[in-house]
There are 2 protein chains.
Amino acid sequence: MNTPTFRNWQSVQTEVLRRIHAREWKPGELIPNEADLALEFGCARTTVNRALRAVADSGLLDRRRKAGTRVAIQPAAKATLTIPVIRNEIEERGQTYDYHRIERHLAAPPAAVSDAMKSPADHPLLHVCALHIADNVPYAFEDRWINPDVVPDALNESFEAVSANEWLLKHTPYTHGEIVFAATSATRDEAAFLKCPEKSALFTIDRVTWDGEFAVTKVRVLYGPDHQIRTAL
Amino acid sequence: MNTPTFRNWQSVQTEVLRRIHAREWKPGELIPNEADLALEFGCARTTVNRALRAVADSGLLDRRRKAGTRVAIQPAAKATLTIPVIRNEIEERGQTYDYHRIERHLAAPPAAVSDAMKSPADHPLLHVCALHIADNVPYAFEDRWINPDVVPDALNESFEAVSANEWLLKHTPYTHGEIVFAATSATRDEAAFLKCPEKSALFTIDRVTWDGEFAVTKVRVLYGPDHQIRTAL
DNA sequence: ATGTTTATTATGTATGCACATAAAAACATC
DNA sequence: GATGTTTTTATGTGCATACATAATAAACAT
């Protein structure tokens, strides 16, 4: 009744996951240390380490030096969402993508925007609004503010052919960002653009992108009604 | 003008990220292979490999055998969301958590639910509805269906003191799950429970949890108005 | 009893080496 | 020229070893 040998880290990972799910290792319980597992699985400790590290990354194991590795008590689900460029999102579903720029001008942003971008209240930013369309149906409304100090080239771009989304990705470096998911009620204007009833519940993604200490851009994307983002757990 | 040596994979990663952000390596561009980088950084190829793998995991690099590693053209943002147990979510903000079970009975679920759980339409499931409360204000409404074939013990549990959320986490193994984020409009009943206007836009998480081929539970959590989930990018 | 120092130990990681594998590129064949 | 086959090459991974580090437990001193 010997355990079969596990050659690669994936198979070790699978076995570890099996034991966790089968409750052979119960939540909160300490599991054998890497060296022992390596012996049991007939592989090197490095391999066990890699497997356990992967499982820990997914949140199912808690690891601490000296204390050892234990099964997470409340495995706070970690879902990795991929937020694609809208064009890709649409084209990957086999729909035709269309883009329509609605507005583009320099203006002082509302306080909510200048605050989020940590930009002086009266400092003008480039405001670009656009509609993303899938199979001739409005798909998402994009409301974006761009900091021309950080991206001076944006002032020479009309954003009529290429969406600001893609243009910025291609031309602008950034270091980090914040992203917020929420549900918002469609305003009159938004409803008109998205051709949905006013006050429809819209899935919304807000994103602020930074290059060092300067905000590059802030964008709010309002998706059409019934839009959903799904992922495996 | 020699590059300083990078001792550990984190510092290699930092340097790689710097080069990407600084556009020394431009989007779409092929970067030197691992062996060359190892030589340049004065470390082993394994170390470079680990660093590049980490960056690739975050979506900024595309790696393919033989073809080499290149900077992602459109780094589809990958956001890792942590979906905590609601009680923890509330308590971590220093608010008091309260829980109120609204309903619990065996019933044949609506088609949408039995379909999602791949359960026969007329097969009765345990329906548990509850309200999660933060500082005496309704926080989230939980609408859950539990498969008693998979979790027979649930039939002996009133879910009055412990939320089904936590009880299941503690008692039920599972293998995988699906999760869907969306925005929904509050129905009359939901609005009443959450003490918000009818048709408010509510952030919604739908989750189906499986143990092998059997659905363990399906839950829809409706968060109160203005709820948002944020994460770093 | 209590605080402080010193082992001890499990994980974390760097390294050199070997070999596996996918996929591009070169080549041969029809 | 199109198609199938072989070679080449960059990444992917396993392993043994060594040492680093964090955190606990044990030993020690006060």
Side-chain angles (χ1 to χ4, degrees), chain A residues 2-17 19-20 24-73 75 78, chain B residues 2-17 19-20 24-73 75 78:
Chain A
N2 206 352
T3 340
T5 51
F6 295 90
R7 274 170 206 76
N8 53 37
W9 71 268
Q10 287 95 335
S11 68
V12 171
Q13 185 189 31
T14 307
E15 172 63 9
V16 167
L17 287 173
R19 291 188 185 186
I20 294 173
E24 289 178 22
W25 291 340
K26 300 198 182 65
E29 214 172 275
L30 202 64
I31 76 172
N33 70 39
E34 296 184 349
D36 290 349
L37 286 175
L39 210 65
E40 181 189 342
F41 291 149
C43 66
R45 184 170 80 88
T46 323
T47 308
V48 174
N49 180 283
R50 171 100 192 250
L52 293 184
R53 201 152 34 81
V55 178
D57 281 346
S58 81
L60 258 76
L61 288 176
D62 282 334
R63 324 192 69 201
R64 276 166 64 208
R65 277 174 165 150
K66 161 76 185 174
T69 301
R70 53 182 68 232
V71 181
I73 322 143
K78 281 189 187 171
Chain B
N2 206 352
T3 340
T5 50
F6 296 90
R7 274 168 207 76
N8 54 35
W9 72 268
Q10 287 96 333
S11 69
V12 172
Q13 185 189 30
T14 307
E15 172 63 10
V16 167
L17 288 173
R19 292 189 185 184
I20 294 173
E24 289 178 23
W25 292 338
K26 299 198 183 64
E29 214 172 276
L30 201 65
I31 76 171
N33 69 39
E34 296 184 349
D36 290 349
L37 285 176
L39 210 66
E40 180 189 344
F41 291 149
C43 66
R45 183 171 79 88
T46 322
T47 308
V48 174
N49 181 283
R50 172 99 193 248
L52 293 184
R53 202 153 33 83
V55 178
D57 281 346
S58 81
L60 257 74
L61 288 176
D62 281 334
R63 325 192 70 203
R64 275 165 65 206
R65 278 174 164 151
K66 161 74 186 175
T69 302
R70 54 182 69 232
V71 181
I73 323 142
K78 280 188 187 171

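Order of the sequence lines sets the chain letters (A, B, ...), proteins ahead of strands, with each chain counted from 1.
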Are any non-hydrogen side-chain atoms of [X] and [Y] less than 4.5 angstrom apart?
X: V16(A); Y: W25(A); value: yes
X: V12(B); Y: L37(B); value: no
X: L52(A); Y: E34(A); value: yes

Distance in angstrom units between [X] [atom1] and [N] [atom2], rounded:
X: D36(A); N: dT11(C); atom1: CG; atom2: C1'; value: 13 Å
X: L30(A); N: dT11(C); atom1: CG; atom2: C1'; value: 12 Å
X: L39(A); N: dC15(D); atom1: CG; atom2: P; value: 13 Å
X: W9(A); N: dC15(D); atom1: CH2; atom2: P; value: 14 Å
X: F41(B); N: dT15(C); atom1: CZ; atom2: P; value: 13 Å
X: D57(A); N: dG12(C); atom1: CG; atom2: P; value: 10 Å
X: Q13(B); N: dT13(C); atom1: CD; atom2: P; value: 11 Å
X: N8(B); N: dA18(D); atom1: CG; atom2: P; value: 22 Å

For T69(A), run the side-chain hydrogen bond (donor to acceptor under 3.5 Å, both in side chains) check against R63(A), E29(A), R64(A) and tell me which one passes.
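Passing option: R63(A).
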Quick one: does any side-chain atom of R50(A) pair with a main-chain N or O of W9(A) as donor and acceptor, under 3.5 Å?
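No, R50(A) side chain to W9(A) backbone: no donor-acceptor pair under 3.5 Å.
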Minimum heavy-atom separation for A72(A) and G59(A), please, with both atom names.
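What the structure gives for the nearest pair is CB-O, 3.4 Å.
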Specify the closest pair of heavy atoms between Q13(A) and A54(A), including all atoms of both residues, with the distance to one decimal.
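Closest heavy-atom pair between Q13(A) and A54(A): NE2-CB, 3.5 Å.
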How many angstroms lie between OG1 in T46(B) and CZ in R53(B), if you round to the nearest 0.5 Å?
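Interatomic distance, T46(B) OG1 to R53(B) CZ, rounded to 0.5 Å: 10.0 Å.
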Between the opening five pairs and the closing five pairs of the helix from dA1(C)-dT30(D) to dC30(C)-dG1(D), how far apart are the helix axes, to 10°?
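End-to-end axis angle: 10°.
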Between dG16(C), dC15(D), dG12(C), which nucleotide has the shortest distance from any of its atoms to the side chain of A44(B)?
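Output: dG16(C).
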Counting only heavy atoms and a strict 4.0 angstrom limit, can you tell me which residues of residues 45-53 of chain B come near DNA chain C?
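DNA chain C contact set from residues 45-53 of chain B: R45(B), T46(B), T47(B), R50(B).
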Protein heavy-atom contacts under 4.0 Å, written 5' to 3' over nucleotides 5-10 of chain C as B (base), S (sugar-phosphate only) or - (none), form the string ---BBB
OP1 or OP2 of dG12(C) less than 4.0 angstrom from a side-chain nitrogen or oxygen of Q10(B), does that happen here?
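It does not, given that no N or O in the side chain of Q10(B) lies less than 4.0 Å from OP1 or OP2 of dG12(C).
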Could you go step by step and tell me if N8(B) and T47(B) meet the side chain to side chain contact (heavy atoms under 4.5 Å, CB included) rule?
CA-CA 7 Å; N8(B) 54 35; T47(B) 308; 5.8 Å; no
Is a salt bridge present between E40(A) and R45(A), judged by a nitrogen-to-oxygen distance below 4.0 Å?
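No, no charged N to carboxylate O under 4.0 Å.
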With V71(A), the side-chain contact (heavy atoms from CB on, under 4.5 Å) member among I20(A), D62(A), V55(A)
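That would be I20(A); it is the only one of I20(A), D62(A), V55(A) passing the side-chain contact (heavy atoms from CB on, under 4.5 Å) with V71(A).
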